[in-house]
Every structure is written in C-alpha cells, then in structure tokens.
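See below for the structure under consideration.
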Amino acid sequence: MDLQGSFHVYDTTLRDGAQQEGLNLSVADKLTIARQLDGLGVGYIEGGWPGANPKDTEFFRRAAAELDLRHARLTAFGSTRRAGVRAADDPMVAALRDSGASVVTLVAKSHDRHVELALRTTLEENLAMVSDTVSHLRAEGQTVFLDAEHFFDGYRANRSYALEVLRAAYEAGAEVAALCDTNGGMLPGWVSDVVHDVIETTGGRVGIHCHNDTGCAVANTLAAVEAGASHVQGTINGYGERTGNADLISVVANLQLKLDRPVLPEGLLREATRIAHAVAEVTNFPPASRQPYVGTSAFTHKAGLHASAIKVDPDLYQHMDPAGVGNDMRLLVSDMAGRASIELKGRELGFDLSGDRELVTRVTGRVKAMEQSGYTFEAADASFELLLVEEVEGRRPSYFEVESWRVITETLPSGEEAVSEATVKLVSSGVRFVVTGEGNGPVNALDEALRSAISQAYPEVAKFELIDYKVRILDAGHGTDAITRVLIETTDGESSWVTVGVGHNVIEASWGALVDGLTFGLRRHHV
C-alpha cells in the first residue's frame with residue numbers, strides 16, 4: 001500500500017514543535033530528530049522555514065548531504081508571496097524553491113480579519129497570493145500543501161471566504177489543504193462538522209493541524225479523520241507553543257490500533273516508545289511518564305486489585321498489549337517489570353532471550369539498577385547492546401585497554417573560548433599508544449585523542465566521528481548529590497549509534513560514553 005499517497009502522516013516537530021517555550025534545537029539536533037522520525041515511518045518531515053532564519057537554511061543545506069531518509073519526504077515550510085510582488089520575484093518564495101525539498105507547505109491566511117489586519121491587504125489580493133505562489137512552485141516541480149491558518153475561526157466568521165481560499169489553492173495545484181485550529185479552541189464535534197462541509201463543498205483533499213489549548217488536539221484530529229481528512233499533522237511528544245500540538249504518536253497509535261487504519265509501515269509503530277524517549281533526550285525535555293502509549297507509567301500497575309488481576313490476564317486492566325508501541329507492562333511490586341522490553345530489544349538486536357529466564361532476569365535487574373543511578377538505555381541502543389553482549393557471552397567486548405587519560409583546560413583572562421588538551425594512554429594487541437588531542441573543550445579534546453589512538457591501533461577500520469553530545473545534570477535521588485549523564489552520538493560515515501555515560505562531572509561521564517561508542521564501532525566492524 002502506498003501510505004504516502006493514500007494517507008499522509010506529517011510531522012512538524014522541527015518547525016512548529018520547536019516553537020515550544022524553552023525548546024531550542026541546533027542544526028545537529030534537528031538532523032538527529034529527523035533520523036528518529038524517519039525510523040517511526042512518518043511520510044513527511046517538516047524541516048523548518050528556509051530563508052526565514054539562518055539555522056533552517058543551514059538545516060536544508062546539510063540535510064541534502066547528511067540525511068538518508070528511507071520513509072519520509074523532507075518538507076520546507078514558508079508563506080505565500082508578499083502582497084503586490086510576483087511569486088517568481090519574492091526572495092522568500094525563492095528560498096522555498098531552492099531548498100532542495102520536493103514538498104513545500106505554504107501557510108496562508110484563511111480568516112478575513114487576519115488578511116485585513118495582519119497582512120494589511122485586500123481579500124482579493126490574498127486569494128491572488130495563494131494562487132500565484134502555489135502555481136509557481138508547482139511549475140517548478142514541487143508538490144505543494146497548504147496550511148490554512150486560523151481556518152476554523154475564519155470559517156465561523158466568514159465561511160464563504162474561508163472556502164474560497166481553499167478553492168484558490170486547489171485550483172492552482174495544491175495537493176492538500178490542511179485546516180488549522182491555530183488558536184486551539186475547537187472541540188471534536190465542531191471539527192467534524194467543518195471538515196465534512198469542506199470536503200462536500202470543495203471536493204478537495206483535506207488535512208488537519210490542531211493545537212491543544214482545549215486538551216482536545218488528538219481527539220480533534222481523530223474527529224477530522226473520521227469526517228474524511230486523509231492528512232494529519234502533529235509533533236512527537238506533543239511539542240509546540242502554548243499547550244502544544246497534537247501528539248503524533250497518540251494520533252497514529254489510535255488510528256492504527258483502534259480504527260484499523262494502517263497509517264505507518266508495518267512493524268514501525270513498535271518503535272514509538274524508543275523514539276519518543278530518544279527525541280526527548282535530544283530536546284532536553286524529560287519524557288512525560290503519563291504520556292499515552294509511550295510513557296513509562298502508561299502500562300504500570302500498583303499492588304492490590306489491579307496487580308492481582310494483571311497476573312491472571314493483562315487485558316483485564318490494559319487497553320492493549322504495550323509491546324505494540326514498544327512499551328512494557330510494569331508491576332511495581334513484581335519481578336516481572338521490564339522483562340518484556342528486554343526480550344523485545346534483545347530480539348531486535350539479534351539475541352533470542354526467550355528461553356533463558358535467568359539471563360533475562362539478570363539483564364533486567366542490571367538495567368534497572370543502572371537506570372536508577374542515572375543511565376538511560378531508551379536513547380542509547382549501543383550501550384545497551386554492549387551490556388547485553390557482556391551478559392550473554394560472559395565478557396564485555398574489549399579491543400583496547402586504557403592505562404590512563406587526562407585532560408587540561410586552559411582558560412584565557414580575555415574570556416576567549418577555553419582550549420583543552422587531552423592525553424590518552426592505551427594498549428591494543430600488546431602495543432602501547434600515547435596520543436594527545438586538542439579541542440575547544442574537554443570533551444572534544446578527549447574525543448580527538450581517543451579516536452586518534454584507535455585510528456593508529458586499527459588503521460583498516462573506517463574513521464569514527466563524533467556527531468553530537470548531550471549533557472544533562474541529574475538528581476540521583478540523594479538530595480543535592482547530582483550526577484551527570486552524557487549521550488554521545490557517533491558515526492562511521494554510513495550509520496550512527498548512541499552511547500551513554502554517567503559520572504560525577506561532564507568529563508568523567510563523557511569518557512565512559514566515548515569508550516563505549518568506540519568499542520561498539522569496533523565490534524560493528526568485526527575487529
């Protein structure tokens with residue numbers, strides 16, 4: 001089935017989700033999240049607004065070389081041309097045209113008061129802006145979607161004009177018109193009625209984009225689909241300004257598991273929990289434990305009636321098998337907590353753990369103990385695989401022995417960026433290597449020294465590179481005694497992996513993650 005043709009799952013985390021208060025994404029962050037979204041199987045990833053800010057322009061430039069998307073098409077977001085200017089002559093439209101994205105989503109005013117007060121132009125000129133911009137980009141070979149901003153409020157104020165904006169887009173070649181509840185004030189019944197009327201009146205393909213100000217963003221999205229919408233927009237973990245956008249994972253899980261609509265490629269919904277948590281690590285917003293489907297508490301049961309019933313039949317107090325979204329049932333007073341997720345992850349990594357209860361119990365206990373001390377394996381598959389190999393094979397993969405390491409950071413009185421120098425001493429196959437490295441901080445210096453040593457010890461292996469690292473200071477549950485967790489993302493030029501380290505400071509935690517990352521890379525290359 002051509003899911004992109006029959007039904008669109010459209011993610012706008014990198015653009016609309018990034019407008020959340022306190023959420024700031026670097027270009028590297030956006031590239032990392034895009035890879036995760038592609039792993040979920042979404043059809044479209046809205047990368048940002050090229051031309052509007054340097055970061056988004058840089059993202060599209062780097063995405064062309066660094067993103068190898070298997071399921072998604074990258075989408076550029078932008079506005080219709082300015083009033084009184086031809087689309088072909090508008091520099092912001094040119095940025096969309098030159099972004100390299102095969103799909104462009106144009107935002108257009110569909111509320112008459114917004115046209116007159118915000119755009120300060122006439123209703124007729126606004127229609128011309130929509131038509132001219134859509135037709136221009138279509139002539140340039142790009143697929144065009146329209147985001148009809150403030151559509152539901154505009155429909156209530158002036159139904160005929162709101163519909164006329166959609167007709168202008170459809171007639172110019174727009175494939176979809178997404179109706180936006182920009183203020184987030186709608187309720188499901190209202191959304192359903194409007195979507196039904198739009199489809200019946202215009203005959204065009206309709207999408208839905210909901211904000212969560214009434215707490216109904218997911219419900220409104222589902223109501224729109226049941227009324228005929230075949231394009232849904234949302235964000236991972238419900239990120240977005242004010243109270244957020246429709247949580248895309250809840251939307252697709254409800255569509256696929258409750259309404260029997262196969263909106264994602266087969267099997268990828270099982271990645272939902274891992275991906276939701278991995279994206280949360282990148283954004284530095286802790287995952288919401290009570291988030292539907294993917295929260296750590298979504299399938300958790302306390303002692304008492306629930307726990308007793310769950311032991312007999314999990315369906316008695318669960319609406320679905322949590323494995324369907326990659327989550328796990330947890331009984332807080334039972335040794336069963338976490339076992340299913342360990343078995344599922346082991347199977348994914350090529351280890352059949354189902355016949356060895358003692359091994360699964362041992363791995364589960366170790367993972368729980370390490371997570372209690374600050375580790376996280378949801379976003380660090382490579383570290384978990386190393387742990388699993390150690391438990392299954394009885395020893396940890398080892399390709400070098402660290403004798404010692406040190407790092408010295410020099411801070412200049414002028415306040416210029418600190419210069420760091422690291423020295424690493426290690427032994428591999430009986431040969432001793434002493435290597436130094438410099439960087440614009442201790443982590444970069446250690447990384448440079450360690451990778452240089454590995455390159456000398458294993459010159460036949462592809463050169464590994466540090467893509468990004470994330471630092472988080474955690475309260476380990478011991479009052480003011482905080483610990484540091486660092487996630488390191490590494491690549492060999494063809495694929496990437498993430499490892500985690502924990503320590504009393506950034507340097508100590510980073511060192512552990514760096515060593516894990518290179519150990520995993522050497523194992524992957526069958527050293």
Side-chain angles (χ1 to χ4, degrees), residues 349-351 363 366-367 370 373-377 379-409 420-471 483-527:
L349 298 174
F351 297 89
V363 173
R366 186 172 173 188
V367 167
M370 292 181 72
S373 67
Y375 284 82
T376 175
F377 294 103
D381 282 357
S383 285
F384 175 75
E385 184 169 336
L386 291 177
L387 181 153
L388 194 58
V389 170
E390 181 178 356
E391 292 294 337
V392 171
E393 299 181 358
R395 63 183 180 85
R396 185 177 184 79
S398 178
Y399 307 99
F400 54 88
E401 178 183 349
V402 178
E403 281 191 357
S404 65
W405 57 273
R406 69 179 180 181
V407 60
I408 299 173
T409 297
S420 296
E421 181 179 287
T423 302
V424 171
K425 299 178 182 179
L426 58 83
V427 176
S428 179
S429 301
V431 180
R432 187 168 183 264
F433 299 90
V434 180
V435 180
T436 61
E438 289 188 350
N440 60 356
V443 177
N444 296 103
L446 281 171
D447 175 69
E448 181 66 27
L450 183 55
R451 291 171 199 272
S452 295
I454 295 301
S455 296
Q456 293 182 34
Y458 298 97
E460 73 282 6
V461 174
K463 184 178 180 182
F464 303 131
E465 296 181 2
L466 172 67
I467 297 179
D468 196 17
Y469 64 89
K470 284 286 181 185
V471 179
I483 59 173
T484 301
R485 180 170 74 217
V486 173
L487 289 173
I488 298 285
E489 184 175 7
T490 304
T491 183
D492 58 5
E494 297 180 355
S495 58
S496 61
W497 54 93
V498 180
T499 50
V500 61
V502 169
H504 292 87
N505 53 60
V506 174
I507 300 175
E508 182 181 322
S510 299
W511 176 255
L514 289 169
V515 170
D516 266 13
L518 292 177
T519 299
F520 181 84
L522 292 170
R523 178 175 182 271
R524 171 170 286 189
H525 284 265
H526 308 292
V527 172

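Bear in mind that the values here come from a model prediction, so they are computed numbers and not experimental data.
For the salt bridge (charged side-chain N to carboxylate O under 4.0 Å, His left out) condition, no pair includes a residue of residues 433-446, sequence neighbours left out. The side-chain hydrogen bond (donor to acceptor under 3.5 Å, both in side chains) contacts involving residues 454-465 comprise Ser428-Tyr458, where partners must be two or more places apart or lie in separate chains.
Across all their heavy atoms, Ile454 and Leu522 have their closest contact at CG2-CD2, 4.1 Å. Nearest approach of Gly503 to Ala509, heavy atoms of both residues: N-CB, 3.5 Å. Annotation for Pro442 and Ser420: closest pair N-OG, 3.2 Å, computed over non-hydrogen atoms. Shortest non-hydrogen contact noted between Gly439 and Ala445 is N-CB, 3.7 Å.
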From CA spacing to verdict: side chain to side chain contact (heavy atoms under 4.5 Å, CB included), Leu450, Val402
CA-CA 10 Å; Leu450 183 55; Val402 178; 5.5 Å; no
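Looking at residues two or more places apart in sequence or on another chain, you find no side-chain hydrogen bond (donor to acceptor under 3.5 Å, both in side chains) involving Asn505. Every residue meeting the ring pair (Phe, Tyr, Trp, His ring centres under 6.0 Å) condition with Trp497, not counting sequence neighbours, appears here in chain and number order: Phe464, Phe520. By the side-chain hydrogen bond (donor to acceptor under 3.5 Å, both in side chains) test, Thr519 is found to be paired with no residue, residues two or more places apart in sequence or in another chain being considered. In this structure Arg406 satisfies the salt bridge (Lys or Arg N to Asp or Glu O under 4.0 Å) test with no other residue, sequence neighbours excluded. Every residue meeting the side chain to side chain contact (heavy atoms under 4.5 Å, CB included) condition with Ser510, not counting sequence neighbours, appears here in chain and number order: Val443, Val486, Val506. Legend: residues meeting side-chain hydrogen bond (donor to acceptor under 3.5 Å, both in side chains) with Asn444, ordered by chain and number and at least two apart, are absent. For Tyr469, the ring pair (Phe, Tyr, Trp, His ring centres under 6.0 Å) test picks out no residue, with sequence neighbours left out. Remark: Val363 pairs with Ile342, Leu359, Val367, Phe384, Leu387, Leu388, Glu391 by the side chain to side chain contact (heavy atoms under 4.5 Å, CB included) rule, at least two apart or across chains. Applying the side chain to side chain contact (heavy atoms under 4.5 Å, CB included) rule to Ile408 yields no partners; only residues at least two apart in sequence or on another chain are considered. For the side-chain hydrogen bond (donor to acceptor under 3.5 Å, both in side chains) test, residues two or more places apart in sequence or in another chain that qualify with Ser495 are Arg524.
Enclosure of atom NE2 in His504 is not indicated, since only 12 or fewer non-hydrogen atoms of other residues, nucleotides or ligands lie within 6.0 angstrom.
Trp405 contributes atom CH2, which lies 7.0 Å from atom CD of Glu508 (distance to the nearest 0.5 angstrom). Expressed to the nearest 0.5 Å, how far OH of Tyr375 lies from CZ of Arg366 amounts to 9.5 Å. Taken from CG in Asp492 to CG in Leu518, the straight-line distance is 11.5 Å, to the nearest 0.5 Å. Note that OG1 of Thr423 is 9.5 Å distant from CG of Leu446, once rounded to the nearest 0.5 Å. One distance of note links CZ of Phe377 with CG of Leu386; it measures 9.5 Å at 0.5 Å rounding. With values rounded to the nearest 0.5 angstrom, Leu487 atom CG is found 9.5 Å from Asp468 atom CG.
Between Val389 and Leu349, the closest side-chain pair of non-hydrogen atoms is not below 4.5 Å. Between Asp516 and Arg396, the closest side-chain pair of non-hydrogen atoms falls below 4.5 Å. In this structure, the side chains of Val407 and Trp511 stay at 4.5 Å or more apart for every pair of heavy atoms.
In this structure, a donor-acceptor pair under 3.5 Å is absent between the side chains of Ser496 and Thr491.
Checking side-chain atoms of Thr499 against main-chain N and O of Ala513 turns up a donor-acceptor pair under 3.5 Å.
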